[in-house]
J.: 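Pasting a structure here, questions to come.
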Amino acid sequence: MDISHLVDGLNEQQREIVCAEPSNCLVLAGAGSGKTRVLVHRIAWLIEVLEVSPHSVLAITFTNKAAGEMKARIADLVKKGGGGIWCGTFHAICLRILKQHHTEANLTPNFTIIDTGDQKRFIKRVIEQLNLDKKKFTPDGVIGFINKNKEQGLRAATVKGSHDYMHNQLLKIYERYEILAAQENLVDFGELLLRTHELLSRNEAIGKHYSSKFKHILVDEFQDTNGLQCALIHSLQGKDNNNYVMAVGDEDQSIYGWRGADIGNVLNFDKLFNDTKTFRLEKNYRSTENILKAANAVISNNSDRFGKELWSDIKDNALIEFYRAPTDRQEASFLTDALADHYKQGGKLNDCAIFYRTNAQSRIIEETLIHHGIPYRVYGGLRFYDRAEIKNVIAYMRLIVNRSNTEAMLRIINLPTRGLGSTTISKINDLAQKHNISLWDTAKAITQGAPAIITDLNKSKIAVVQKFLDLIDKIDDSIRGMGLQEQTSTIIKLSGLEQLYNKNKDADYESARDNLQEFVNAANIAFNSDESSDMEIFLDNIALESGSTQAQEYEDSVQLMTIHASKGLEFLKVFMTGMEEGLFPLEKSAYDDKLLQEERRLCYVGMTRACRHLCITCCEARLLYGRENYNPISRFIEEVPKELIRNLNDKKRTTLLNNSMIKLKVGTRVNHPTFGYGEVTNTEDNGHISRVQIDFEHEGSKWLVTEYAQLQIL
DNA sequence: AACAGGGTTATTTTT
DNA sequence: TAACCCTGTT
């Protein structure tokens, strides 16, 4: 048999993995070492050489995008195609299992998946219902508690009580949350995993079914798995020792610890799985030697790692560039200048990326780029399906599919406004809570004058409620038999949303209309893909897909993103900005070794995105939360060997002298927007930054950075 | 229902 | 600083 297409072009380390005897194994794949390639070739090897049935292969990724890419590459490489392989995210795979066995999983077939935003609103409602202090119990705090427990496999009934008031109250919220979620047929992300895990580990027949089905489980980005996901893999693998897990990951790129990812799953892999073999991929195909040397040097300061040294045969004398600007504004100007130079020399802006630690940092960079007419795209931000107008349509759809979805009903019961104000709604909602039934059933009971439901709503209000119920039923009736895109546009019409967004002319409504059209298009695409032609499936897919978070690509433009968002990407030229103590690493993480190590890994991820040029910038004075901050240079920069750095400050210094000093001399009378009138008593300029001391009439004496102070000279 | 004003709070966000 | 949420007012 000709196997050359499976191994040609692979290096020795890669080939060893692709052709390995089946066993549990951990592949430590450094950045840019071709791990997706190895995974795809391994799957092809299993099918073509070891004659494993595609139906016995399960490939798990973390993003839908990665799953899509993998499917496409498998289809390309495997001669008989990849049909039958299960390939998807943890959540998508769990959903598939739960849909299949919804009865055994104790779910209705039409359960609704809620994303983090929905979950948050839902929790808010629970906190209100329980009449708890909103200052003490924030949705974020509660969400953390519930998700963390689910990640440890704990239900409200199995979490241990304690003497701690907060803990016990949180537990009460969790209890109520579970009851309401069951009542309303809502399943959150963590629940998808937990319920599947429970199903597989408690229902012997089903557990056995899957563990005898999946002989080979391949997991990508293993460093990002949490405890529950790891447990899930175990339950899929089953107890017999003839199923094999291949985990691919990089402990140095674990940057989601704060979301529950447990780097310990990689570090203790050999203890968590039997008879493991470990492989390493250390040859990097992306970056120059110098960039890798710098990145290796930084990450070598971490202790939670196996240790691995990336190398490359891409020789290039270019050093890591470093520039420390006087202020954040001048840091942005520096970036702009550098990009303009790059462009003038014939380079593409698409090849350049600007990274920052926090989203807030993008603002000043964007302003400066706009000012100089340099096009850019920002990654991240509001996801398409998170837009209010889209969520509104989705809420109608969800209620139509699942009438118990109180969450959805609350969102649209008065949208567009139909005379059901907050008073009426909370009256109905209180009754729902009192009788422990869904909002829909409560409303229905009221309109039917059910004797058990006592309400003080007057006849006209009840008629309005009736009208809403009729509307939903009517929409439901009229979309029967329609194609998905027709259903969607019909819902938008009949619900009154179309009219609502049409009646107003301002820009927000205009874009809302565009987005609704886009949503109908999405439905159309889904309809034609026949995979998700059904509205229920469409809704599931929406919940599990972020819907591209990056701006549309329409012209050559610089890419702006957080370092987190840069993971998995690569760019010819990378600018890492704001490399200051307090910002990167964040102050909160600087004094905790675990957190600091994660910051360092983040730095490593950022550096290893660069193919040919890496430029690191920071500034002396930065405006943060409306305050000036003077931060030292990031320790991560200090960790890069000096001989790998070319310091641009020596070159730029003379050109950047701040000319604002010229007019401000001792004795100048000034006016400050908040401190009022004063007189300059002292000046200082170290060549980077200029400051003035001003004696204010009412506020006393203060030192201010000239550039920020917005002083008016009198 | 819409809006103004005060108080609070500030990472990162694959599903 | 500025964005968000809540509250009280019109």
Side-chain angles (χ1 to χ4, degrees), chain A residues 60-68 88-95 113-120 124 128 134-135 138-140 143-144 147 150-151 187-193 220-226 228-229 253-261 328 355-364 379-383 385-386 414-423 540-550 561-569 578 582-590 595 598-599 601-603 605-606 622-629 673-674 708 710:
Chain A
I60 305 178
T61 61
F62 262 83
T63 65
N64 293 298
K65 196 174 149 216
T89 63
F90 273 102
H91 295 84
I93 283 158
C94 288
L95 173 66
I113 301 167
I114 56 172
D115 64 26
T116 313
D118 302 322
Q119 192 188 13
K120 215 162 156 175
K124 238 176 170 166
E128 269 164 36
K134 282 181 207 151
K135 291 244 161 65
T138 62
D140 283 320
I143 230 174
N147 291 350
K150 286 194 181 183
E151 273 161 26
V187 174
D188 64 48
F189 287 152
E191 185 70 30
L192 278 173
L193 306 178
D220 196 9
E221 306 280 12
F222 196 74
Q223 76 283 350
D224 290 335
T225 53
N226 62 36
L228 182 53
Q229 286 161 337
Q253 292 189 70
S254 164
I255 55 173
Y256 286 103
W258 51 276
R259 282 183 84 213
D328 47 1
F355 298 166
Y356 32 80
R357 175 69 244 264
T358 67
N359 287 305
Q361 289 164 252
S362 80
R363 181 187 223 127
I364 197 163
Y379 282 57
L382 196 60
R383 306 191 274 180
Y385 298 125
D386 277 344
N414 199 32
L415 193 109
T417 49
R418 45 176 72 89
L420 290 171
S422 51
T423 324
D540 289 343
N541 287 338
I542 286 172
L544 290 183
E545 271 187 50
S546 54
S548 74
T549 63
Q550 73 192 60
M561 68 196 81
T562 63
I563 309 174
H564 280 91
S566 78
K567 196 175 151 200
L569 306 174
L583 190 61
F584 194 25
L586 284 170
E587 189 172 14
K588 279 187 180 168
S589 308
L595 297 178
E598 183 152 313
E599 294 280 314
R601 291 193 290 266
L602 189 57
C603 181
V605 166
R622 173 181 300 279
L623 224 42
L624 208 60
Y625 309 138
R627 228 160 255 282
E628 286 167 5
N629 277 63
T674 43
Y708 293 145
Q710 299 179 297

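Quick caveat: nothing in here was measured; it's all calculated off a predicted structure. All heavy atoms count here, side chains included; hydrogens, waters and symmetry mates do not. Naming convention: chains lettered A, B, ... in sequence-line order (proteins, then strands); numbering from 1 in each chain.
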J.: Would you kindly give the CG-to-C1' distance between N226(A) and dT14(B), to the nearest whole Å?
T.: 12 Å
J.: So, is T116(A) close to the dT15(B) phosphate, meaning a side-chain N or O under 4.0 Å from OP1 or OP2?
T.: no
J.: Between K135(A) and N359(A), which has a closest nucleotide on DNA chain B that is more 5'?
T.: K135(A)
J.: Contact class for R601(A) vs. all strands (heavy atom < 4.0 Å): base, sugar-phosphate, or nothing?
T.: nothing
J.: In whole Å, what is the span from the NZ atom of K120(A) to the C1' atom of dT15(B)?
T.: 16 Å
J.: I need the CD-C1' distance between E128(A) and dC5(C), as an integer number of Å.
T.: 12 Å
J.: Between dT15(B), dT1(C), dT12(B), which nucleotide gets closest to the side-chain atoms of T358(A)?
T.: dT12(B)
J.: Counting only side-chain heavy atoms from C-beta out, which of dT12(B), dT11(B), dT14(B) sits nearest to D224(A)?
T.: dT14(B)
J.: So which atom in L193(A) and which in L228(A) form the shortest heavy-atom distance, rounded to 0.1 Å?
T.: CB-CD2, 3.6 Å
J.: Could you list the protein-to-nucleotides 1-7 of chain B atom pairs, N/O on both sides, closer than 3.5 Å?
T.:
from: dA1(B); atom 1: OP1; to: N414(A); atom 2: ND2; distance (Å): 3.1

J.: Once you apply a heavy-atom cut-off of 4.0 Å, does R357(A) come out as touching a base, just sugar-phosphate, or nothing?
T.: base
J.: Quick check on dT14(B): is either OP1 or OP2 less than 4.0 Å from any side-chain nitrogen or oxygen of Y379(A)?
T.: no
J.: Measure from the side-chain heavy atoms of R363(A) and tell me the nearest of dT13(B), dA3(C), dT15(B).
T.: dA3(C)
J.: Which value, in whole Å, describes the distance between the C1' atoms of nucleotides dC5(C) and dT12(B)?
T.: 23 Å
J.: Side chain of T89(A) only, heavy atoms from C-beta on: which candidate in dT12(B), dT15(B), dT1(C) is closest?
T.: dT15(B)
J.: Could you tell me if the side chain of H91(A) sits less than 4.5 Å from the side chain of Q229(A), heavy atoms only?
T.: yes
J.: Separation of D115(A) atom CG from dT15(B) atom C1', in whole Å?
T.: 9 Å
J.: Short question: side chain of R601(A), backbone of S254(A) - any donor-acceptor pair under 3.5 Å?
T.: yes
J.: CD of Q361(A) to CZ of R622(A): how many Å apart, nearest 0.5 Å?
T.: 5.0 Å
J.: Could you state the atom-to-atom distance from NZ of K150(A) to C1' of dT15(B) in whole Å?
T.: 14 Å
J.: Which part of the nucleic acid, if any, lies within contact of Y256(A), taking any heavy atom under 4.0 Å across all strands shown: a base, the sugar-phosphate backbone alone, or nothing?
T.: base
J.: Rounded to the Å, how far apart are I60(A) CD1 and dT15(B) C1'?
T.: 13 Å
J.: Which is more 5' along DNA chain B, the nucleotide nearest G626(A) or the one nearest N64(A)? Just name the residue.
T.: G626(A)
J.: Any side-chain to backbone donor/acceptor pair from E599(A) onto L586(A)? Under 3.5 Å, distance only.
T.: yes
J.: Considering residues at least two apart in sequence or located in another chain, which fulfil the salt bridge (charged side-chain N to carboxylate O under 4.0 Å, His left out) criterion with E221(A)?
T.: K35(A), K567(A)
J.: Quick one: CD1 on I113(A) to CG on D540(A), what's the gap to the nearest 0.5 Å?
T.: 4.0 Å
J.: So does R259(A) reach the base of dT15(B) with its side chain, donor to acceptor, closer than 3.5 Å?
T.: yes
J.: Give the nucleotide from the list dT11(B), dT13(B), dT14(B) with an atom nearest to the side chain of W258(A).
T.: dT13(B)
J.: Nearest whole Å is fine: how far is dT15(B) P from F62(A) CZ?
T.: 10 Å
J.: Using whole Å, what does the distance between atom P of nucleotide dT15(B) and atom CG of D220(A) come to?
T.: 13 Å
J.: Would you find more than 12 non-hydrogen atoms of other residues, nucleotides or ligands less than 6.0 Å from E587(A) atom CD?
T.: no
